[in-house]
Amino acid sequence: MKSPRLVRTLVIILLLVVNIGCDQGTKAIIRHKFEYYDVVSYLHNHLTITRVENPGAFLGMGDTLQGPMRNVLLNILPLLAVLFGLYYIFTKTNLNRTTLVAVILIVGGGIGNIYDRIMHGTVTDFLHINFVIFQTGIFNVADMSIMAGTFMILLHAWFKKKPEEKLKAETPSGEQI
């Protein structure tokens, strides 16, 4: 019989591989099928695919950095954060499923973008959403993964009841014991 720890480790690895695979697969398709700044529109131009190579971080921040500062902020710090995230998900066995999946999404997205930056010198972005009152920058699957994980953590923290609130809700009169 497999130990719960082994199963947990295998599930974490599987989720990371799927996450990174989806990101790198979509980026490979875009690099192969699209020239720079080609635009394909869907849903009446509300969703567009445009190949852009982002030399910076989120929404191009840091793209003008040079030398050691660029290397530290765009490669070393993200790599340290991803390594910490990997350490966290593999060693903290008491994480609830929501937090575990959220951190896996963040780490997987981070690995995808770091891989691009190291192997290609830039990160391939290609998705843009424009619903008039809501518009995004150009992003990729790794960015979606990082944002989804972040929102999951925030929503979980927001809706998580404190132990004393649970106790109040469970007692018939709402009085504290």
Side-chain angles (χ1 to χ4, degrees), residues 8-34 36-38 47-130 134-158 160:
R8 181 181 183 278
T9 300
L10 291 174
V11 168
I12 290 170
I13 291 169
L14 176 67
L15 291 174
L16 282 169
V17 167
V18 168
N19 187 345
I20 297 164
C22 287
D23 173 61
Q24 290 301 306
T26 55
K27 288 173 180 174
I29 291 168
I30 295 300
R31 282 189 213 105
H32 180 72
K33 300 273 185 188
F34 284 75
Y36 293 108
Y37 304 107
D38 278 354
L47 174 67
T48 56
I49 296 177
T50 305
R51 179 182 174 187
V52 175
E53 295 298 328
N54 181 355
F58 181 71
L59 298 176
M61 291 189 292
D63 62 347
T64 59
L65 291 172
Q66 300 295 319
M69 185 62 80
R70 176 182 182 79
N71 195 34
V72 167
L73 292 177
L74 296 180
N75 292 327
I76 295 172
L77 285 179
L79 183 59
L80 289 173
V82 162
L83 290 174
F84 174 76
L86 285 169
Y87 171 79
Y88 187 76
I89 59 178
F90 283 113
T91 60
K92 295 289 186 182
T93 57
N94 62 340
L95 295 174
N96 63 59
R97 286 185 182 152
T98 303
T99 303
L100 181 61
V101 170
V103 177
I104 290 170
L105 288 172
I106 293 168
V107 168
I111 290 171
N113 282 342
I114 290 169
Y115 177 84
D116 272 11
R117 208 171 284 119
I118 291 170
M119 297 305 292
H120 303 286
T122 60
V123 175
T124 302
D125 290 335
F126 55 91
L127 293 167
H128 178 256
I129 298 171
N130 181 1
F134 170 76
Q135 185 171 192
T136 67
I138 300 173
F139 59 95
N140 60 45
V141 174
D143 298 335
M144 289 190 309
S145 182
I146 293 167
M147 293 304 294
T150 302
F151 284 129
M152 285 174 67
I153 289 171
L154 291 173
L155 287 173
H156 182 70
W158 179 267
K160 184 178 169 184

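Remember, it's a predicted structure, so these values are computed and weren't measured experimentally. We number each residue from 1, following the sequence as shown.
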How far apart are the closest heavy atoms of [X] and [Y], and which atoms are they?
X      : Y      : result
Gly149 : Ala102 : O-CB, 3.4 Å
Tyr37  : Val52  : CE2-CG2, 4.1 Å
Phe139 : Thr136 : CE2-OG1, 3.3 Å

I need the [X] [atom1] to [Y] [atom2] distance, nearest 0.5 Å.
X      : Y      : atom1 : atom2 : answer
Thr150 : Ile146 : OG1   : CD1   : 7.5 Å
Ile129 : Ile138 : CD1   : CD1   : 11.5 Å
Trp158 : Leu154 : CH2   : CG    : 10.5 Å
Ile76  : Ile114 : CD1   : CD1   : 11.0 Å

Side-chain donor-acceptor pairs of residues 18-26 under 3.5 Å, sequence neighbours excluded:
{"from": "Asn19", "atom 1": "OD1", "to": "Ser145", "atom 2": "OG", "distance (Å)": "3.2"}
{"from": "Asn19", "atom 1": "ND2", "to": "Leu105", "atom 2": "O", "distance (Å)": "3.4"}
{"from": "Asn19", "atom 1": "ND2", "to": "Ser145", "atom 2": "OG", "distance (Å)": "2.9"}
{"from": "Asp23", "atom 1": "OD1", "to": "Lys27", "atom 2": "NZ", "distance (Å)": "3.2"}
{"from": "Asp23", "atom 1": "OD1", "to": "Ala142", "atom 2": "N", "distance (Å)": "3.0"}
{"from": "Asp23", "atom 1": "OD2", "to": "Lys27", "atom 2": "NZ", "distance (Å)": "2.9"}
{"from": "Gln24", "atom 1": "NE2", "to": "Gly112", "atom 2": "O", "distance (Å)": "3.1"}
{"from": "Gln24", "atom 1": "NE2", "to": "Asp116", "atom 2": "OD1", "distance (Å)": "3.3"}
{"from": "Thr26", "atom 1": "OG1", "to": "Cys22", "atom 2": "O", "distance (Å)": "3.0"}
{"from": "Thr26", "atom 1": "OG1", "to": "Asp23", "atom 2": "O", "distance (Å)": "2.8"}

Which is it for Leu127 and Met144 under the side chain to side chain contact (heavy atoms under 4.5 Å, CB included) test, yes or no, and what are the steps along the way? CA-CA 10 Å; Leu127 293 167; Met144 289 190 309; 4.2 Å; yes
With sequence neighbours excluded, what pairs up with [X] under the side chain to side chain contact (heavy atoms under 4.5 Å, CB included) test?
X     : result
Leu73 : Leu65, Met69, Leu77
Ile89 : Ile12, Leu16, Leu86, Leu100, Val103, Ile104
Asn96 : Thr98, Thr99, His156
Thr93 : Arg5, Arg8

Does Phe90 CZ have over 12 foreign heavy atoms under 6.0 Å away? yes
CZ of Phe34: more than 12 outside heavy atoms within 6.0 angstrom? yes
Taking side-chain hydrogen bond (donor to acceptor under 3.5 Å, both in side chains) as the definition, give me every residue that meets it alongside [X], ordered by chain and number, with sequence neighbours left out.
X      : result
Asp38  : none
Thr124 : Arg31, Glu53
Asn140 : Asn113, Asp125

Is the Lys NZ or Arg CZ of Arg51 less than 6.0 Å from the centre of Tyr36's six-membered ring, within 45° of the axis? yes
If we only count heavy atoms from C-beta on, is the Val123 to Asp143 side-chain gap below 4.5 Å? no
Report yes if the side chains of Asn94 and Lys92 come closer than 4.5 Å at any heavy-atom pair, otherwise no. yes
From the list Ile49, Thr48, Asn54, side chain to side chain contact (heavy atoms under 4.5 Å, CB included) partner of Phe126 resolves to Ile49
